[in-house]
Amino acid sequence: MKTYRIGFLLALIGNIVLAVVLVALWLHYRTAKPMSDMETKSSNSAAQNSMGNSMAQPPASTEAPLVPVQISPQRLQSIGVKTGKVERKPVADEIRTTGSVAVDERRLAYVQVRFSGYIQKVFADATYQYVQKGQPLFTVYSPELVATEREYLVAKQNQQHVAQSTVQGVAFSATSLLDATVERLKQWGVPQEEIVRLESTSQVQQELEVDSPVSGYITERNALPSVAVQPQIRLYTIADLSTVWVQAQVFQNDLERIKVRAPATLTVNTYPGRTFTGRVDFIYPQVDMDTRTAKVRVVFSNPGLQLKPGMFVNVTLKVPMGNQLVIPANGVLQSGTRAIAFVERSDGYIEPREVQLGSRAGDDFIVLKGLKVGEQIVTSANFLIDSESQLQAALGSFVPPPPGAGSASTTSTSQGNVALSSDPATPRKGSNVFRVKLTDASGAPISGAEVSVTFFMPAMPAMGMASMRVPIALSDKGNGLYEGSGQLESGGTWQVTILAKKNGQPIATKQLSVNATGGM
């Protein structure tokens, strides 16, 4: 019995301890949850702010930086460098396209009669037969025409009989009837020669001969022997092909540059070496939705009738663009989002310069911004110069980086030597004082020079950093010492270029790498 009591007490104590533990855990959870929620919200807010800031800032440029380079004339010749001139001149572009030859609709003639009748004889009896102006096409018999000619003869006789009549109005009425008959014959299109024949012979012609009104090719024929004709029936269509149309297909992006009456040329494989000249006559006000092209009508003279309707041809449209500032097209290096031209400077350096280009005009590019008339640019070996400029900008020198700013001294000319030092001895992020000691080959100090120090750090897109460039102009302190202060925006490895000039000519240059403290 005692054993059972002990077991019961132990179980009761265990349950009480378990209950206390559960209550403690529950209270801890209640107090920790609000803090956790606040931390979560704070974390989310920080993430959103970070994302907003990153989206607000434009992405850093990934284009490689470039700096002016100095290359000896011997090396320029060895790598085949050629130059071209920036000039202003009249330029014209060309739009090359294709088209098809069509009949000039303004040189079409239609043959019809203005009275009812029946065709008797047909002389022009084949489509695409060539006929001369005035050549007989067919004859037609018309009862109405025969009756009108007889009325004319009767009216003429009456007019002659009553010409001497003294009765008032009789002679006038006879003359009016004759004139009305003649006018009806003219309105029916009866030739004047037929009216003269009728008057001279006083014989009615049973068949009227109809002649061609123009010279050209018969493109449509409905005149057949013994066929009844009415005024609304088109018996012949005759096309004068001495001038033809060419329907050229032009992309919608080029339509704005094309002007009416602009010159054009045409070539066709049928006649190698032959070029036809013409002009733009009309630009159709509709664009094909499938091909995104519009028709441009060009008029060409057709000597010898060499251009046939339906013929496929090559068309070149001339686009005058006026006087423009242009450079040779091979003088532009297009890399990514920018266009670079390498300009020869008077101090012997080749300067990479970003330019803004317009349209291409033949072998030239129109320059909108970045160059001036008379400047010389590199037109060959651009890639080699671009590589050299990138290397000098990104790597600085090929010697190992020194531990400080002033422990290395290398020069690129024989006229002077430069030595760089700084305060503090190891540059830091922030403000620094830089000094350059400039001496000649014998060690004597050089005064009165223009000395500049340029710090450059390439872009690091992976870290979201754009390239940085800090130019510092040093002032002459006397005895060959030059001093100036500058603000470095970051710690890390900087590529440094020192340039000393005197009387506008470089006397010493130096490139090195400098490690700055202070973090990114």
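Residue indices begin at 1 and follow the sequence shown. From a predicted model like this one, the values you see are computed outputs, not experimental measurements. Only heavy atoms go into these numbers, but all of them, side chains included; no hydrogens, no water, no symmetry mates.
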Whether over 12 other heavy atoms sit under 6.0 Å from R261 CZ: no
K85, NZ atom: more than 12 neighbouring heavy atoms under 6.0 Å: no
No-hydrogen, no-angle side-chain donor-acceptor test under 3.5 Å, S513 and Q495: yes
Distance-only donor-acceptor check, side chains N314 and T98, under 3.5 Å: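 Not at all, the side chains of N314 and T98 share no donor-acceptor pair under 3.5 Å.
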Quiz item: cation-pi between R469 and F456, 6.0 Å / 45°: no
Euclidean distance, R279 CZ relative to T265 OG1, rounded to 0.5 Å: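 Here the rounded value is 15.5 Å.
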Reported CD-to-CZ distance for the pair Q249 and R292, which is rounded to 0.5 angstrom: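 The CZ atom of R292 is 14.0 Å from CD of Q249, to the nearest 0.5 Å.
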F455 and F434 aromatic ring geometry - parallel, tilted or perpendicular at 30°/60° bounds: tilted
Whether [Y] and [X] form a salt bridge (side-chain N of Lys/Arg under 4.0 Å from carboxylate O of Asp/Glu) is what I want to check.
| X | Y | answer |
| --- | --- | --- |
| E94 | R96 | yes |
| D93 | R360 | no |
| K89 | D364 | yes |
| R353 | E351 | yes |

Worked verdict on Q306 versus R274 for side chain to side chain contact (heavy atoms under 4.5 Å, CB included): CA-CA 11 Å; Q306 294 179 309; R274 177 71 188 276; 2.4 Å; yes
Among V326, L325, N323, side chain to side chain contact (heavy atoms under 4.5 Å, CB included) partner for V91: V326
